[in-house]
A.B. asks: 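Please find one structure pasted underneath; my questions will follow.
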Amino acid sequence: MTVDPVVQQRGSLFGIEAERYERARPTYPAALVDRLLAECPRQVLDIGCGTGKAGRLFAERGCTVLGIESDERMAAVARQRGLGVETARFEEWNPSGRIFDLGICGQAWHWLDQELRLERVAAALRPAGRFAAFWNFPQFEPGGLDGEIDALYESLAPELRAGRFGIGAHEADRGADLDQLAGSALFTGAEEWVFRHEQSYRRDELLDLLRTYSDHIALPAERRARLHEAIGAAVDAHGGSRVIAYRTVVVTALRA
């Protein structure tokens with residue numbers, strides 16, 4: 001298995017903030033769930049389920065959902081909230097003959113081994129079963145509060161400024177994921193869907209959100225504290241809250 005050690009190390013950081021991750025990370029838009037449920041899946045596999053934020057949306061609609069999560073700390077939070085989870089690296093997990101109608105991967109596809117991930121998904125899906133990987137991407141505006149926050153990153157943590165929401169989180173990278181799906185003989189009908197939603201954050205909620213991102217977690221504690229204190233002061237100066245507009249980007253295809 002070929003895994004970039006930097007990516008592997010970053011991917012292991014989320015469990016440090018598992019409860020905060022569950023509390024602070026945005027959910028996914030109902031329109032996305034509606035579209036994936038239009039094909040009436042019953043058995044859903046949640047790949048890299050984390051704390052179960054995506055999987056629970058499908059369980060709440062009557063699906064039977066199984067989560068696969070490599071970090072026991074994240075898996076424990078998902079189980080506490082009612083999701084069945086098996087702890088394993090997805091690339092090494094054995095479905096043991098189980099077949100699923102739908103495979104989902106919320107915010108985690110870029111952490112998996114690119115050489116193995118599609119093969120492993122295909123092995124767990126029925127023919128014509130759908131796979132969908134999706135990410136919430138915050139949209140930023142030049143000037144105003146966003147401009148001030150950019151300046152703070154530039155001065156206090158410039159290595160985070162170009163992509164301050166973790167390795168692989170750049171929206172442009174999703175084109176490569178779509179190309180991989182489209183080029184695989186294991187899948188057909190690859191396409192991209194986009195949904196939009198907004199979420200308002202009070203100062204402390206925004207700082208909680210930032211504390212769940214791997215690049216922030218990886219910062220030395222003193223630098224991280226200075227950065228978050230400065231961002232909090234900027235938010236306070238702009239009324240104490242911030243609305244983030246998200247684009248939820250989905251790459252999806254059917255099992256051939």
A.B. asks: Roughly how far apart are Cys40 SG and Leu102 CG, rounded to 0.5 Å?
C.D. replies: 11.5 Å
A.B. asks: Treat each ILVMFWY residue as a node, draw an edge where side-chain heavy atoms are under 4.5 Å apart, and state whether Leu57 and Tyr246 are in one component.
C.D. replies: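 No, Leu57 does not connect to Tyr246 through the hydrophobic network.
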A.B. asks: Would you sort out whether Ile68 and Ile47 count as a side-chain contact (heavy atoms from CB on, under 4.5 Å), showing the intermediate values?
C.D. replies: CA-CA 5 Å; Ile68 308 300; Ile47 300 161; 5.6 Å; no
A.B. asks: Taking the six-membered ring of Tyr213, is the NZ or CZ of Arg25 close enough (under 6.0 Å from the centre) and on axis enough (within 45°)?
C.D. replies: yes
A.B. asks: Nearest 0.5 Å, please: how far is CG in Leu206 from CZ in Arg211?
C.D. replies: 9.5 Å
A.B. asks: Hey, could you give me the CD/OG distance between Glu205 and Ser200, rounded to the nearest 0.5 Å?
C.D. replies: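 Between atom CD of Glu205 and atom OG of Ser200 there are 7.5 Å.
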A.B. asks: Could you measure the distance from the CG atom of Asp236 to the CD1 atom of Ile231? Nearest 0.5 Å is fine.
C.D. replies: 12.0 Å
A.B. asks: Going through the distances and angles, do Arg81 and Glu19 end up as a salt bridge (Lys or Arg N to Asp or Glu O under 4.0 Å)?
C.D. replies: CA-CA 11 Å; Arg81 287 158 176 79; Glu19 287 287 353; 3.3 Å; yes
A.B. asks: Test of understanding: clusters of I, L, V, M, F, W, Y form through side-chain heavy atoms closer than 4.5 Å, transitively. Do Ile104 and Leu32 belong to the same one?
C.D. replies: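 In one cluster: yes.
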A.B. asks: When you measure from the side chain of Thr212 to the backbone N and O of Leu209, does any donor-acceptor pair fall under 3.5 Å?
C.D. replies: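 Checked: pair present.
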A.B. asks: I need the Glu192 CD to Leu181 CG distance, nearest 0.5 Å.
C.D. replies: 11.0 Å
A.B. asks: For Asp113 and Phe90, run side-chain contact (heavy atoms from CB on, under 4.5 Å): C-alpha distance rounded to whole Å, both residues' side-chain angles, the deciding distance at 0.1 Å, then the answer.
C.D. replies: CA-CA 9 Å; Asp113 188 316; Phe90 178 66; over 6 Å; no
A.B. asks: Give a yes or no on whether Leu45 and Leu36 share a hydrophobic cluster (residues Ile, Leu, Val, Met, Phe, Trp, Tyr; joining criterion: side-chain heavy atoms under 4.5 Å apart).
C.D. replies: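 No; tracing contacts between hydrophobic side chains, which count when under 4.5 Å, never links both residues.
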A.B. asks: Are the aromatic rings of His238 and Tyr201 close, with centres under 6.0 Å apart?
C.D. replies: no
A.B. asks: Can you find a side-chain donor-acceptor pair between Thr87 and Arg79 that sits under 3.5 Å?
C.D. replies: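 Per modelled atom types, Thr87 and Arg79 side chains form a pair under 3.5 Å.
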A.B. asks: Transitively linked via ILVMFWY side-chain contacts under 4.5 Å: Leu210 with Leu219?
C.D. replies: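 Leu210 and Leu219: one cluster.
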A.B. asks: Is it the case that the side chain of Arg223 and the backbone of Pro220 share a donor-acceptor pair, with hydrogens and angles ignored and the cut-off at 3.5 Å?
C.D. replies: no
A.B. asks: Ignoring hydrogens, what is the shortest heavy-atom contact between Gly52 and Ala78? Give both atom names and the distance.
C.D. replies: N-CB, 3.9 Å
A.B. asks: Side-chain donor-acceptor pair under 3.5 Å between Thr252 and Arg130, yes or no?
C.D. replies: yes
A.B. asks: Quick one: do Ile244 and Gln199 satisfy side-chain contact (heavy atoms from CB on, under 4.5 Å)? Show the steps, please.
C.D. replies: CA-CA 5 Å; Ile244 296 181; Gln199 187 162 332; 5.6 Å; no
A.B. asks: Please round to the nearest 0.5 Å and tell me the distance separating atom CH2 of Trp93 and atom CD of Glu86.
C.D. replies: 6.5 Å
A.B. asks: Consider only side-chain N and O atoms of His110 and Asp177, and report whether a donor and an acceptor are under 3.5 Å apart.
C.D. replies: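 No donor-acceptor contact under 3.5 Å links the two side chains.
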A.B. asks: Check whether Glu148 reaches the backbone of Ala234 with its side chain - one donor and one acceptor, N or O, closer than 3.5 Å.
C.D. replies: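 It does not hold such a pair.
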A.B. asks: Membership question, hydrophobic clusters at under 4.5 Å side-chain separation (ILVMFWY): are Val33 and Phe137 in the same one?
C.D. replies: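 Phe137 does not cluster with Val33.
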A.B. asks: Are there more than 12 heavy atoms of other residues, nucleotides or ligands under 6.0 Å from atom CD of Glu60?
C.D. replies: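 Counting neighbours around CD of Glu60, more than 12 heavy atoms of other residues, nucleotides or ligands fall under 6.0 Å, so yes.
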A.B. asks: What verdict does the ring pair (Phe, Tyr, Trp, His ring centres under 6.0 Å) test give for His216 and Tyr21, after you've listed the backbone C-alpha separation in whole Å, the side-chain angles of each residue and the deciding distance to 0.1 Å?
C.D. replies: CA-CA 13 Å; His216 283 247; Tyr21 189 105; over 10 Å; no
A.B. asks: Could you walk me through whether Asp46 and Phe58 satisfy the side-chain contact (heavy atoms from CB on, under 4.5 Å) test, starting with their C-alpha distance in whole Å, then the side-chain angles of each, then the deciding distance to 0.1 Å, before giving a yes or no?
C.D. replies: CA-CA 10 Å; Asp46 187 357; Phe58 293 85; over 6 Å; no
A.B. asks: Are side-chain heavy atoms of Val121 and Phe100 found at a separation under 4.5 Å?
C.D. replies: no
A.B. asks: Search all heavy atoms of Asn136 against all heavy atoms of Thr248 and return the closest pair with its distance.
C.D. replies: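 Where Asn136 meets Thr248 most closely, the heavy atoms are OD1-OG1, 2.6 Å.
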A.B. asks: For the pair Arg203 (side chain) and Arg242 (backbone), establish whether a donor and an acceptor sit closer than 3.5 Å, ignoring hydrogens and angles.
C.D. replies: no
A.B. asks: Are there over 12 heavy-atom neighbours, none belonging to Arg23, within less than 6.0 Å of that residue's CZ?
C.D. replies: yes
A.B. asks: If the condition is ring-ring contact (aromatic ring centres under 6.0 Å, His included), which residues does Phe134 pass it with, not counting sequence neighbours?
C.D. replies: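 Once residues adjacent in sequence are excluded, the partners of Phe134 under the ring-ring contact (aromatic ring centres under 6.0 Å, His included) criterion are Tyr28.
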A.B. asks: Checking salt bridge (Lys or Arg N to Asp or Glu O under 4.0 Å) for the pair Asp101/Arg42: CA distance, chi angles, key distance, verdict?
C.D. replies: CA-CA 6 Å; Asp101 305 310; Arg42 303 305 303 164; over 6 Å; no
A.B. asks: So, for Leu156 and Ala230, which heavy atoms are closest and what is the spacing to 0.1 Å?
C.D. replies: CD1-CB, 3.8 Å
A.B. asks: When you compare the side chains of Arg117 and Gln180, does any donor N or O come within less than 3.5 Å of an acceptor on the partner?
C.D. replies: yes
A.B. asks: Where is the tightest heavy-atom contact between Leu112 and Glu91, given as atom of each residue plus distance?
C.D. replies: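 That closest heavy-atom pairing would be CA-OE2, 3.2 Å.
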A.B. asks: Can you name the nearest heavy-atom pair linking Gly48 to Ala108, along with the distance?
C.D. replies: O-CB, 3.7 Å
A.B. asks: Considering non-hydrogen atoms only, spot the tightest contact between Gly50 and Glu69 and give its length.
C.D. replies: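 What the structure gives for the nearest pair is N-OE1, 2.7 Å.
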A.B. asks: Between the main-chain N or O of Phe131 and the side-chain N or O of Arg255, is there a donor-acceptor pair closer than 3.5 Å?
C.D. replies: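 Not confirmed, Arg255 side chain does not pair with Phe131 backbone.
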